[in-house]
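Reviewing the structure listed below.
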Amino acid sequence: MASSVVVSTSLCFNYGHRRSSPSALTSSISISKINLKLSSQCLRYSNSNCRNLVACTSIRESDTETEKELGFVGEDSATFELGQQKISSWIYFSAILGVVLYVLNVAWIDNSTGFGKPFVDAVSTLSDSHEVVMLILILIFAGVHSGLASLRDTGEKFIGERAYRVLFAGISLPLAVSTIVYFINHRYDGLQLWQLQNAPGIHQFVWISNFISFFFLYPSTFNLLEVAAVDKPKLHLWETGIMRITRHPQMVGQVMWCLAHTIWIGNSVAVAASIGLIAHHLFGAWNGDRRLAIRYGEDFELVKSRTSIVPFAAVLDGRQKLPKDFYKEFIRLPYLTITALTLGVYFAHPLMRAASFNLHW
């Protein structure tokens, strides 16, 4: 490895010269030693200042590898190494998840003790229209969720990353549950605009669209320990996997989910919910880029230049070069977990409908 780095760096600095004088050769060797030292630091710290060295060493790789490594500044998404996992961390995660679900049930979901039903009832008094109430619930959730996300840097300075994640989840999660439950309970209460459920191929199209949408919707689950604040939460600059297809997979997944459900249900409540959710995620895409630009500066601009919001746009115009083994970036435990959870949610639809109906929100 060391010799290959020395040779490659020498070729880079002397490229285009047919002969080298002894002094030039000495300088080249000195420069090579310096760059060898820098390369070890680059491998250890993943320092973006070593991009030139990476670009030189990648000359001996294939064209695909060159495109992959040249200026690669983002993180490799969905990586999971079993040997680096701590049993204690997952015990903490399980305990935290249990506590969160218990508190959520007592403080919000249970009608005898929680504030969920009074909250939905209060919003429902603002209008007799289920469409309007649906939009208001989404607006409240979106305002709180995006607002807290925008204040993340400031909030973390005052109370720390873990405490702010708990605050963020503690406020956002109950509002999300209220919005979802209201949608499930009132999804067929609006004006019927079309009826395509019995049309040939519609069920298969909707099912496949929803299934694929979940691979876009949940890139944040790449590290569940951060979601639960067991590990210190970070604002990640992902650059592989689904990010090669679109820089904002959650927005794309939400659009797919909304379109599929709207086609299937075909009424005004579904249209209102889709308009609200898509608008929120379009704003989230802009706000996400803004926050990443503030946090990562030039590194984000580099990632932005070779990715796109519209799926596959950067691939089609040549800004994103997919590796030959691109599929391997999806054969990873987080994506397999999303597959299992997506299938589980599909088969649990009857339970979700029954649970939501019993709340009478």
Side-chain angles (χ1 to χ4, degrees), residues 77-78 131 134-135 137-138 141-142 176 179-222 238 241-285 288 307-316 320 322 326-327 329-332 334-353 356:
S77 62
E131 295 86 349
M134 187 78 255
L135 285 171
L137 287 171
I138 293 175
F141 167 76
T179 305
I180 294 170
V181 170
Y182 188 87
F183 173 76
I184 293 174
N185 285 345
H186 299 280
R187 67 194 184 283
Y188 288 117
D189 290 345
L191 178 65
Q192 196 68 36
L193 302 175
W194 59 80
Q195 180 58 260
L196 299 175
Q197 293 185 4
N198 295 323
I202 288 296
H203 180 268
Q204 291 80 358
F205 170 77
V206 170
W207 193 94
I208 292 172
S209 297
N210 279 304
F211 183 81
I212 295 174
S213 74
F214 278 82
F215 285 91
F216 289 87
L217 270 169
Y218 295 108
S220 60
T221 57
F222 287 157
W238 304 115
I242 204 72
M243 299 298 172
R244 295 183 184 273
I245 298 174
T246 171
R247 191 167 65 254
H248 291 287
Q250 190 169 8
M251 181 273 292
V252 172
Q254 187 66 74
V255 170
M256 294 178 65
W257 185 94
C258 286
L259 292 179
H261 279 77
T262 301
I263 291 173
W264 181 254
I265 297 172
N267 68 10
S268 54
V269 171
V271 171
S274 294
I275 290 174
L277 289 171
I278 291 174
H280 168 49
H281 282 77
L282 288 175
F283 172 81
T307 57
S308 61
I309 296 177
V310 178
F312 293 104
V315 177
L316 293 175
Q320 175 66 237
L322 298 180
F326 177 53
Y327 68 94
E329 295 182 359
F330 291 90
I331 307 179
R332 294 174 174 179
Y335 286 116
L336 297 177
T337 302
I338 291 173
T339 302
L341 291 176
T342 301
L343 293 173
V345 168
Y346 173 76
F347 291 113
H349 265 59
L351 297 176
M352 295 167 60
R353 290 194 294 266
S356 297

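In this text, all values refer to a predicted model and were calculated from it rather than measured experimentally.
Under the 3.5 Å distance criterion, with hydrogens and angles disregarded, a donor-acceptor pair is assigned to the side chains of His261 and Asn210.
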### Query
Taking it one step at a time, do His280 and Phe141 satisfy side chain to side chain contact (heavy atoms under 4.5 Å, CB included)?
CA-CA 9 Å; His280 168 49; Phe141 167 76; 4.1 Å; yes
### Query
Checking side chain to side chain contact (heavy atoms under 4.5 Å, CB included) for the pair Phe326/Ile245: CA distance, chi angles, key distance, verdict?
CA-CA 11 Å; Phe326 177 53; Ile245 298 174; 4.2 Å; yes
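To the nearest 0.5 Å, the span separating CG on Leu259 from CH2 on Trp257 amounts to 11.0 Å. With rounding to the nearest 0.5 Å, the separation of CD in Gln192 from CG in Asn267 is 5.5 Å. Rounded to the nearest 0.5 Å, atoms OH (Tyr182) and CG (Leu137) are 7.0 Å apart. For the atom pair Ser209 OG and Ile263 CD1, the distance stands at 7.0 Å (nearest 0.5 Å). If you take CH2 on Trp264 and CZ on Arg187, they are separated by 11.5 Å, rounding to the nearest 0.5 Å. Note that the OG1 atom of Thr262 and the CG atom of Leu193 stand 10.0 Å from one another [nearest 0.5 Å].
Here the closest heavy-atom approach between residue Ser268 and residue Leu191 is recorded as OG-N, 2.8 Å. Nearest heavy atom pair, residue Gly241 against residue Glu329, reads N-OE1, 2.6 Å. Residue Ile184 comes nearest to Arg353 through the heavy atom pair CG2-CA, 4.0 Å, listed as atom of the first residue, atom of the second, then distance. Closest heavy-atom contact between Asn185 and Ser356: ND2-O, 2.8 Å.
Within 6.0 Å of atom CZ in Phe312, 12 or fewer heavy atoms from other residues, nucleotides or ligands are found, so the atom counts as exposed in its surroundings. Atom CZ of Phe330 is surrounded by more than 12 heavy atoms from other residues, nucleotides or ligands within 6.0 Å.
With hydrogens and angles disregarded, a donor-acceptor distance shorter than 3.5 Å links the side chain of Thr246 to the backbone of Ile309. Remark: the backbone N or O of Val315 is not paired with any side-chain donor or acceptor of Gln320 at under 3.5 angstrom. Formation of a donor-acceptor pair under 3.5 Å by the His281 side chain with backbone atoms of Gln254 is not found in this model.
Remark: of the listed residues Met256, Gln250, Met251, Met256 is the sole one forming a side chain to side chain contact (heavy atoms under 4.5 Å, CB included) with Phe216.
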Table please: side-chain donor-acceptor pairs of residues 339-347 below 3.5 Å, with sequence neighbours left out.
from	atom 1	to	atom 2	distance (Å)
Thr339	OG1	Tyr335	O	3.0
Thr342	OG1	Ile338	O	2.7

